[in-house]
Amino acid sequence: MFSFGSLPVRTGANGSEGRDVLHGAVVTGEPVALHESMQPAGAKPNPEHRIEHTEVICVREGTLEFDHDGRTERVDAGGVIFVAKGTMHTLRNVGDGAAAYFVFAIGGDINT
């Protein structure tokens, strides 16, 4: 059980916020991590980066633009983004309000 209100908040230079929910491993040994992020409207996104694990991103609020491997797609609240290992990508809030999303990371280079 993880109470959202009790999780420590990290604040980024661009006004973004993040909360680490869990870091661990499943019984088969793969590391897993879950965090929640919020990008305010107009915030500069994180630079494009490559991951060495897999991510499932669940958009809770707002609209994100997902740039990946030369493609750009929009995802609204309730949408899910799958980011395969090795994907070069970034997320940008393109809505009028905050964009909030959960990132579930599996395997690879996750620090447990």
Side-chain angles (χ1 to χ4, degrees):
M1 171 70 192
F2 302 94
S3 173
F4 188 76
S6 69
L7 298 171
V9 178
R10 290 182 326 285
T11 304
N14 65 357
S16 64
E17 293 181 352
R19 290 175 171 83
D20 288 327
V21 179
L22 67 88
H23 282 87
V26 294
V27 296
T28 54
E30 294 90 2
V32 295
L34 175 65
H35 72 270
E36 187 267 351
S37 292
M38 182 282 298
Q39 287 185 15
K44 183 178 179 181
N46 288 331
E48 191 173 41
H49 60 284
R50 185 175 315 279
I51 58 172
E52 294 304 322
H53 56 272
T54 299
E55 292 181 346
V56 177
I57 302 172
C58 301
V59 183
R60 183 171 64 84
E61 176 183 339
T63 302
L64 293 171
E65 195 168 78
F66 174 50
D67 292 333
H68 60 100
D69 292 331
R71 295 180 58 196
T72 299
E73 300 179 79
R74 283 191 177 211
V75 183
D76 295 318
V80 177
I81 301 166
F82 177 79
V83 188
K85 178 181 176 184
T87 300
M88 182 68 82
H89 71 287
T90 190
L91 291 172
R92 179 175 32 263
N93 179 355
V94 293
D96 295 331
Y101 50 95
F102 288 94
V103 179
F104 182 61
I106 307 158
D109 59 350
I110 300 169
N111 296 325
T112 56

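Side chains are part of it too, since the values below use all heavy atoms of this structure and drop only hydrogens, waters and symmetry mates. We count residues from 1, following the sequence as given.
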Side chain to side chain, [X] and [Y], heavy atoms closer than 4.5 Å:
{"X": "Val75", "Y": "Glu65", "answer": "no"}
{"X": "Val80", "Y": "Ile57", "answer": "no"}
{"X": "Lys85", "Y": "Glu52", "answer": "yes"}
{"X": "Thr87", "Y": "Asp69", "answer": "yes"}
{"X": "Leu91", "Y": "Tyr101", "answer": "yes"}
{"X": "Phe82", "Y": "Thr54", "answer": "yes"}

ILVMFWY cluster, Val103 and Leu34 together (side-chain gap under 4.5 Å):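 The answer is no; the residues belong to distinct hydrophobic clusters.
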Joint cluster assignment, Val59 & Ile51, ILVMFWY side-chain distance < 4.5 Å: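 Shared cluster, yes.
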For residues [X] and [Y], report the shortest heavy-atom separation together with the two atoms involved.
{"X": "Gly108", "Y": "Pro31", "answer": "O-CG, 4.3 Å"}
{"X": "Met38", "Y": "Ala98", "answer": "SD-CB, 3.8 Å"}
{"X": "Ala33", "Y": "His23", "answer": "CB-CD2, 3.5 Å"}
{"X": "Gly15", "Y": "Pro40", "answer": "O-CG, 3.5 Å"}

Supply the atom-to-atom distance [X] [atom1] to [Y] [atom2], rounded to the nearest 0.5 angstrom.
{"X": "Ser16", "Y": "Asn93", "atom1": "OG", "atom2": "CG", "value": "11.0 Å"}
{"X": "Glu61", "Y": "Gln39", "atom1": "CD", "atom2": "CD", "value": "12.0 Å"}
{"X": "Glu55", "Y": "Phe102", "atom1": "CD", "atom2": "CZ", "value": "14.5 Å"}
{"X": "Phe2", "Y": "Leu7", "atom1": "CZ", "atom2": "CG", "value": "8.0 Å"}

By ring-ring contact (aromatic ring centres under 6.0 Å, His included) - contacts of His89 (at least two apart):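 With neighbours one apart ignored, the set is His49.
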Residues in ring-ring contact (aromatic ring centres under 6.0 Å, His included) contact with His35, at least two apart in sequence or another chain: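 With neighbours one apart ignored, the set is empty.
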Pairing residues for Thr63 by the side-chain hydrogen bond (donor to acceptor under 3.5 Å, both in side chains) criterion, not counting sequence neighbours: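 Counting only residues at least two positions away or on another chain, Thr63 forms a side-chain hydrogen bond (donor to acceptor under 3.5 Å, both in side chains) with Asp76.
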Thr90 vs Asp67, side chain to side chain donor-acceptor pair (under 3.5 Å): CA-CA, chis, key distance, verdict: CA-CA 5 Å; Thr90 190; Asp67 292 333; over 6 Å; no
Glu73/Arg71 ion pair, N-O < 4.0 Å: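 Salt bridge flag = yes for Arg71 with Glu73.
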Salt-bridge criterion met for Glu36 and Arg60 (N-O under 4.0 Å):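 Yes, Glu36 and Arg60 are salt-bridged.
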